[in-house]
**Student:** 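Right, I'll just put the structure down here and ask away after.
We count residues from 1, following the sequence as given.
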Amino acid sequence: MDNRNSGCLSGLLKLFFLDKIYGWFQRRFGYGSGSCMGCGCGTIFLLIFIWIFLSIIFGTDWFRFSF
């Protein structure tokens with residue numbers, strides 16, 4: 001079985017990109033858009049963000065410094 005967890009640097013890079021993408025989606029379609037649709041889409045984006053965030057946090061080997 002090839003269990004390849006990502007390393008610390010890769011996990012931090014994924015979290016950085018997740019933050020930038022999440023911010024863009026929220027400004028464009030979510031809470032920051034200023035429309036009525038923002039409440040529904042913002043909540044859906046928040047749930048997806050939490051799900052991806054937790055998968056990155058728990059799938060990363062924080063003691064391995066590699067890509």
**Student:** What I'd like to find out is whether the side chain of W51 reaches to under 4.5 Å of the side chain of L47, using heavy atoms alone.
**Tutor:**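 No, every pair of side-chain atoms sits at 4.5 Å or beyond.
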**Student:** For residues 37-44, dump all side-chain donor-acceptor pairs below 3.5 Å to protein atoms at least two apart in sequence or in another chain.
**Tutor:**
unit_1 : atom_1 : unit_2 : atom_2 : d
T43    : OG1    : Y31    : OH     : 3.0
T43    : OG1    : C39    : O      : 2.8

**Student:** Taking all non-hydrogen atoms of both residues into account, name the closest pair between I56 and K14 and its distance.
**Tutor:**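 Closest approach of I56 to K14: CD1-CB, 3.8 Å.
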**Student:** With sequence neighbours left out, write down each residue that passes ring-ring contact (aromatic ring centres under 6.0 Å, His included) with Y22, or none if nothing qualifies.
**Tutor:**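 Once residues adjacent in sequence are excluded, the partners of Y22 under the ring-ring contact (aromatic ring centres under 6.0 Å, His included) criterion are F49.
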**Student:** Quick one: pull up CG in L13 and OG1 in T60 and give me the separation to the nearest 0.5 Å.
**Tutor:**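 These two atoms lie 11.0 Å from each other.
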**Student:** Can you confirm whether L12 sits close enough to F16 that some side-chain heavy atom of one is under 4.5 Å from a side-chain heavy atom of the other?
**Tutor:**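 Result no, sub-4.5 Å side-chain heavy-atom pair not found.
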**Student:** Aromatic rings F29 and W24: how do their planes relate, parallel, tilted or perpendicular, breaks at 30° and 60°?
**Tutor:**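 The rings of F29 and W24 stand perpendicular, inter-plane angle above 60°.
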